[in-house]
Each structure stands twice: as structure tokens, then as C-alpha cells.
Amino acid sequence: MWPSKNKNIDRMEFLLTLRRRGITDAAVLRAMDEVPREMFVNDDTRQQAYHDHALPIACGQTISQPYVVAYMTELLELQTHHRVLEIGTGSGYQAAVLSRIAAHVVSIERYRTLAEKARRTFDRIGYTNIDVIVGDGFEGAPNHPPFDRIIVTAAAETIPENLLGQLTDDGIMVLPVGPRDGTQQIVRLRKTPDGVEREDLIAVRFVPLMPGIAKEL
Ligand code: SAH
């Protein structure tokens, strides 16, 4: 642990960086301020919890960069009654941020180890409106009613059409699309009465969306 003075300065700097990079939605900034990112990173990177970059977590995966978490959350235009589906629980950090704004979050992870760890973290902090499912995100959560919003936090090479079918009629889906070894783009898809509108936004790098539940733990 670091001296508490540094910790506060780190957290102030963290919010300033998000604002400086263009995050303006007050609910998103409040959620980013509220969620203790240090609870979601590995012990050996805790000192860097409030730096604006991705960090390694178990199973060869990463906790996303805070700016990208805030940016994708802002793109979702969340309302307090919304039910959100996340594909790629990872550390649980993105789900935690969503859960501070929306009514309920269902998050799917293909590694049991990560899913269980994220559940424990939510319990320790006291976040009760997040359900973590071990499963294949390509399949989504077909037994649940349609979701108002879907966020995918691993890169898809093409849009998983199946997931669009699990969105409400005016739903929004945000995801990185592109090659697994290169740069991807954040894409926002919005369902409208006339079809699905697509916006291609910033360049990012995410770990790839992999088919099936992980055989390793
Ligand atoms: N949202 C996470 C970051 C996720 S990294 C966070 O805030 O920490 C991407 C995650 O997606 C990894 O944990 C990876 O195991 C998971 N993933 C990849 N393909 C998947 C799939 N088909 N179904 C479910 N999870 C998947």
C-alpha cells in the first residue's frame, strides 16, 4: 500500500485525465470516481491502479484502460432503469462501472477463474446488481429478456450478429471490431425502426474474443 496522500492525488489525477481526454457525462465520471480500481488489479500492479493504461490480470487477459472504460460507458447512453449485458468480465472493473449507473448488469466470462474472482470482488465491495455467468459470450444470454445495452470488451473480427438479436428494439451495442493482432475500432450499433445504424469511432487494442468456454481454468 502507498501513503494515503499519494493515493488521493492519484485519484484526482485519474479523474482529471478522463475529463481532459473528453469524458463529459457526469454519471460516467461519478461512476469512475466511485469504483475502487485498485480492488480489480493484481497485487503487484496496485501502485498503478489509477494510471491510465491497461494492466495484466490472470489467464493472460487485461483490465482495460480507464479512459476506454469511461469512453465505452459514455457511448452506451445508460439510463438508470437499463439492463446491460457485458461480454468479457475479466477483472470485473467495467461491469462495476456499468453497475453504478444502470439497474442490472449480466456479465459473461469464458474463464471460470476470472468469473469467480470478479464475483468475490463484487461481494467484498458490496455491489449486488451484477450477475457473472461462465459461458461463451458469442452465444450471449439467450435465456434472459432482451437487454437495453450490450458491451463487448474483447475484440471481434466481425460483428456478432447473434448478440444484436438480444438487444431491445431501440438498444445500443458498443464493441471493438477488427483483426486480433492489430488495431481495432470501437463501433457503436444503434437499433432503429429503419434498421441498425453503425458508427466507427476511436482506434483501440483489445484481447480477442475467443470461441467457447476456456478449457483451462
Ligand atoms: N471488461 C474487462 C476486460 C476484459 S479483457 C475488465 O474490465 O477487466 C477481455 C475478457 O474477455 C477476457 O477476460 C477474456 O477471457 C474474455 N473473453 C474472450 N472471449 C470471450 C467469450 N467468447 N466469452 C466470454 N468471455 C470472453
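A quick note: this is a predicted structure, and the numbers were derived from the prediction, not measured.
- Side chains of Glu74 and Ile23 form a contact here, defined as non-hydrogen atoms less than 4.5 Å apart.
- Here CD1 of Ile130 is found 8.0 Å from CD1 of Ile125. Values are rounded to the nearest 0.5 Å.
- Every residue two or more places apart in sequence or in another chain that forms a side chain to side chain contact (heavy atoms under 4.5 Å, CB included) with Leu167 is listed here: Ile150, Leu164, Met173, Lys191.
- Here side-chain hydrogen bond (donor to acceptor under 3.5 Å, both in side chains) pairs that include residues 132-148, with residues two or more places apart or in two chains, number zero.
- Not counting sequence neighbours, the partners of Pro208 by the side chain to side chain contact (heavy atoms under 4.5 Å, CB included) test are Arg180, Met210.
- Considering only residues two or more places apart in sequence or on other chains, Val177 meets the side chain to side chain contact (heavy atoms under 4.5 Å, CB included) condition with Ile159, Leu175, Val187.
- Nearest heavy-atom pair across Leu209 and Pro160 is CD2-CG, 4.4 Å.
- Residues meeting the side chain to side chain donor-acceptor pair (under 3.5 Å) test with Ser99, sequence neighbours left out: none.
- Side-chain contact between Leu55 and Arg37: present, with at least one pair of heavy atoms (C-beta onward) separated by less than 4.5 Å.
- The list of side-chain hydrogen bond (donor to acceptor under 3.5 Å, both in side chains) pairs with a residue in residues 197-213, not counting sequence neighbours, reads Arg188-Glu199, Arg198-Asp200.
- Note on residues 20-36: pairs passing side-chain hydrogen bond (donor to acceptor under 3.5 Å, both in side chains), not counting sequence neighbours, are Arg21-Asp52.
- Side-chain N or O atoms of Glu109 include none that pairs as donor or acceptor with a backbone N or O of Gly88 at under 3.5 Å.
- Residue Thr153 holds its OG1 atom at 4.0 Å from CD of Glu86, rounded to the nearest 0.5 Å.
- Both Ile57 and Val35 sit in one connected hydrophobic cluster of ILVMFWY residues. Membership requires side-chain heavy atoms under 4.5 Å apart, directly or through other members.
- Note that CD of Gln47 and CG of Asp10 are 8.5 Å apart. Values are rounded to the nearest 0.5 Å.
- Take Asp44 and apply the salt bridge (Lys or Arg N to Asp or Glu O under 4.0 Å) test, not counting sequence neighbours, and it matches no residue.
- Contact between Ala115 and Val132 at its shortest, heavy atoms only, is CB-CG1, 3.6 Å.
- Residue pairs meeting the side-chain hydrogen bond (donor to acceptor under 3.5 Å, both in side chains) criterion with at least one partner in residues 117-130, sequence neighbours excluded, are Arg100-Asn129.
- Looking at residues two or more places apart in sequence or on another chain, you find a side chain to side chain donor-acceptor pair (under 3.5 Å) between Thr89 and Ser107.
- Every side chain to side chain donor-acceptor pair (under 3.5 Å) that Asp43 has, sequence neighbours left out, goes to Arg46.
- Between Leu76 and Met72 the shortest side-chain heavy-atom distance does not fall below 4.5 Å.
- Between Gln184 and Phe206, some side-chain heavy-atom pair lies under the 4.5 Å cut-off.
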| task | Apply the test side-chain hydrogen bond (donor to acceptor under 3.5 Å, both in side chains) to residues Ser91 and Gln61: give CA-CA distance (whole Å), side-chain angles for both, the deciding distance (0.1 Å), then the verdict. | result | CA-CA 9 Å; Ser91 68; Gln61 306 302 313; over 6 Å; no
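- Judged by distance alone, with hydrogens and angles left aside, the side-chain atoms of Gln166 form a donor-acceptor pair with the main-chain N or O of Ala141 at under 3.5 Å.
- Among residue pairs with one or both ends in residues 64-121, those qualifying as ring-ring contact (aromatic ring centres under 6.0 Å, His included) are Phe40-Tyr93, Tyr67-Tyr71; sequence neighbours excluded.
- Judged by distance alone, the side chain of Arg149 and the main-chain N or O of Glu77 form a donor-acceptor pair under 3.5 Å.
- Summarising the geometry, atom CG belonging to Leu163 is positioned 12.5 Å from atom CD1 belonging to Ile151; distances are rounded to the nearest 0.5 Å.
- To the nearest 0.5 Å, the span separating OG1 on Thr45 from NE2 on His51 amounts to 10.5 Å.
- The CG atom of Leu75 lies 8.5 Å from the CD1 atom of Ile172; values are rounded to the nearest 0.5 Å.
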